[in-house]
Novice: 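One structure, as structure tokens, below. Some questions next.
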Amino acid sequence: MSAKPFYVTTPIYYPSGNPHIGHCYSTVLCDYLARYNRFKGRPVIFATGTDEHGAKLAAAAEKAGVDTLEYIDGFVGNFKKLWTYMNISYDRFVRTTDDYHIKTVQYIFTVLHDKGYIYKGEYQGKYCVPCESFWTDAQLTKKDDKYYCPDCGREVTENRSEEAYFLKMSPFAADIEKMLLESGYLRPENRAKELVNNFIKTGLDDLCVSRTSVKWGIPVPKFEDTSAEHTVYVWLDALTNYISLLGYGNDTFGDFDTFWNNAEVLHVTGKEIMRFHTIIWYAILKGAGVRFPDKLYSHGWIISSDGDKMSKSKGNVLDPFILGGRYGVDAVRYQMLRDMPYASDMPYSNENMLNRINADLANSYGNLVSRTASMIEKYFGGVIPNYIASAETEYGRDLRAKAVALKATVDGLLDYPKVGDALSAVFDVISRANKYIDETAPWVLAKDETKLPELGNVLRNLAEAIRIATLFLAPAIPDTAPKVYDIFGLTGNALSYEYADVFDTIPGNTKVKTTAPLFPRLDVAKEIAYLQET
Ligand code: MSP
């Protein structure tokens, strides 16, 4: 049986400013998962893109005194540059101003209208412009007679009243509650109760899905009852990207059946937009008769150490180009993947970041690689010794058992997906290997001729443990992993998923190379000072 296709998506980003480290997390996480699943031999589509419509973007362009698309183009280019810089292996990049996407949005709007789920009415209510979100009074946070958006916390002052189309939500309410509480779609699952209590139990209002006052958007197709120019509500427009770039409702792509209907579909987003990716997305898809996807991983934020979300408007953003330029893109990718907890936020500080890079990449992993390669060089002329079963020790058996169990552990954790925990499991094996060096003291064995078979086993076991650990680290550090493969002469089966839980895969007579340290040790105090200055 061939492997089930895997489709993974990032949120599509607002190109209203330059990307920052907060935008990187979803994208790097998806990149890890896309690379890992390709390694497993699954057909993969990894999609990202930009969300280009809505009043906010048009207003920003106007303020800058430039044409809207021209304004957006510059930032879209910067997102693409960052993804190339961060080694993001995306397969498709959707812009919601692309023709095929516009075609799909108009198509799905028509399907929902023709099935009776979209009807014409009058919209009156409050609207949070930065979030492009409608809210009922009950949903807004009220303080001192003022209303605040529950998503972004800003004051909501706009009242809107206009002819509008609505998407019926009540036919889906019971199924949405069931989906949230029982299907395992929303991860972490403890976020589901909150949604049910805040949005379903309070009554699910029909959703306003068109605007006449917003001009920068996809035109709503003309129906018999249309009497004004409408544009499609940005969230209906934006969510639809996930199927437009597979070819649903357009002829540009032909992957909808393979990568939606018959695939494992995983959306990854930050936690503040899970409402759209659960409740609203469900009504759109089910109303149109489209299968609902398998999983949404709604992760926490990278926050500053004082608990604030890092964002452009708060002026506390980190520039990924500066961090990558100084410490290497792999180190930056690894640190964020490792330190973001599965179900909460990641407080960021330069000190923690630098300590993580030093502890894991420089000391634990980098050191293991260079010590092992140089001992093979020194004691065996650079050739990885063959394994001799009769000379195996209790320590060697323990290391082997831990290393071969890693594949199942990582697979289990990535199913959630708990990437940070998976990387932590990889480092358990790396630590075990470092401890093995202390336990076996190869420099002592080397002094005794009769201990040569034992010494050979130690070094082969270390090379095998490094091979296995690196296979699971590779999707996080895609630039460094091939260097390690090169150091240990690894090719073919040794790099396959199939042999990632099989010891003694490295062929006899394999030669190693010694090289400069993979991750130089950082002087934390000096680097903190440097980062404060930049
Ligand atoms: N355009 C919408 C998404 C539409 S998806 C159909 C949007 N765009 S955004 O540019 O504002 O944010 C995109 C993503 O970046 C969100 O998932 C958000 O959670 C994430 N992040 C922005 N800052 C972040 C951090 N500081 N930390 C982690 N992720 C955060 O919302």
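One-based numbering, in listed order, for ligands and for the atoms of each. Being a predicted model, the structure only gives us computed values, none of them experimental.
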Novice: Step through the shown structure and confirm whether more than 12 heavy atoms of other residues, nucleotides or ligands are within 6.0 Å of CD on Glu62.
Specialist: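 Check fails, neighbour count at 12 or below.
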
Novice: Out of Tyr14, Phe79, Tyr242, Trp281, who is nearest to atom 6 (C) of ligand 1 when you count heavy atoms only?
Specialist: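 Considering heavy atoms of Tyr14, Phe79, Tyr242, Trp281, the nearest to atom 6 (C) of ligand 1 sits in Tyr242.
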
Novice: Side chains of Glu52 and Thr50 only: does a donor on one sit below 3.5 Å from an acceptor on the other?
Specialist: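 The answer is yes; a qualifying pair exists.
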
Novice: Please check: side-chain N/O of Arg191 versus main-chain N/O of Met274, any donor-acceptor pairing under 3.5 Å?
Specialist: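 Absent.
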
Novice: Should we say atom CD of Glu189 is surrounded by more than 12 heavy atoms from elsewhere, each under 6.0 Å from it?
Specialist: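 Atom CD in Glu189 is not crowded, with 12 or fewer foreign heavy atoms closer than 6.0 Å.
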
Novice: Ile302 versus ligand 1: do any nitrogen or oxygen atoms come within less than 3.5 Å of each other?
Specialist: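 Yes; at least one N/O pair falls below 3.5 Å.
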
Novice: So among Val156, Asp151, Leu140, Thr157, which one has a side chain to side chain contact (heavy atoms under 4.5 Å, CB included) with Cys128?
Specialist: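 Passing option: Val156.
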
Novice: Against ligand 1, does Met346 come closer than 4.0 Å with any heavy atom?
Specialist: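 Checking ligand 1 against Met346, which is what was asked, there is no heavy-atom contact under 4.0 Å.
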
Novice: List the residues meeting side chain to side chain contact (heavy atoms under 4.5 Å, CB included) with Ala34, not counting sequence neighbours, and say none if there are none.
Specialist: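 Listed in chain order: Val8, Arg38, Val44, Phe46.
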
Novice: Run through Lys295, Lys40, Arg291 and flag the one making a salt bridge (charged side-chain N to carboxylate O under 4.0 Å, His left out) with Glu264.
Specialist: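 Of the listed residues Lys295, Lys40, Arg291, the salt bridge (charged side-chain N to carboxylate O under 4.0 Å, His left out) partner of Glu264 is Lys295.
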
Novice: Contact between Trp235 and ligand 1, counting heavy atoms under 4.0 Å?
Specialist: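 The answer is yes, since Trp235 has a heavy atom less than 4.0 Å from ligand 1.
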
Novice: So if I count the atoms of ligand 1 from 1 in the order they appear, which ones are less than 4.0 Å from some heavy atom of His23?
Specialist: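 Taking each heavy atom of His23 in turn, ligand 1 has 10 (O), 15 (O) under 4.0 Å.
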
Novice: Going by the atom numbers of ligand 1, which of them fall below 4.0 Å from some non-hydrogen atom of Glu272?
Specialist: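 In order of numbering, the contacting atoms are 16 (C), 18 (C), 19 (O).
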
Novice: Show which atoms of ligand 1 fall inside a sub-4.0 Å distance from at least one heavy-atom site of Asp51.
Specialist: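 Every atom of ligand 1 under 4.0 Å from some heavy atom of Asp51: 1 (N), 2 (C), 4 (C).
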
Novice: Does any donor atom in the side chain of Asp237 or His101 lie under 3.5 Å from an acceptor atom in the other side chain?
Specialist: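 Side chains of Asp237 and His101: pair found under 3.5 Å.
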
Novice: State whether the shortest distance between N or O atoms of Ala238 and N or O atoms of ligand 1 falls below 3.5 angstrom.
Specialist: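 No, Ala238 has no N/O under 3.5 Å of an N/O on ligand 1.
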
Novice: Distance under 4.0 Å to a non-hydrogen atom of His20: what atoms of ligand 1 satisfy this?
Specialist: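 With His20 as reference, the close atoms of ligand 1 come out as 23 (N).
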
Novice: Would you tell me which option among Gly270, Pro15, Gly22 has the nearest heavy-atom contact to atom 29 (N) of ligand 1?
Specialist: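 Nearest option to atom 29 (N) of ligand 1, by heavy atoms: Gly22.
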
Novice: Under a 4.0 Å heavy-atom limit, does Ile273 contact ligand 1 with its side chain, its backbone, both, or neither?
Specialist: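 Side chain only.
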
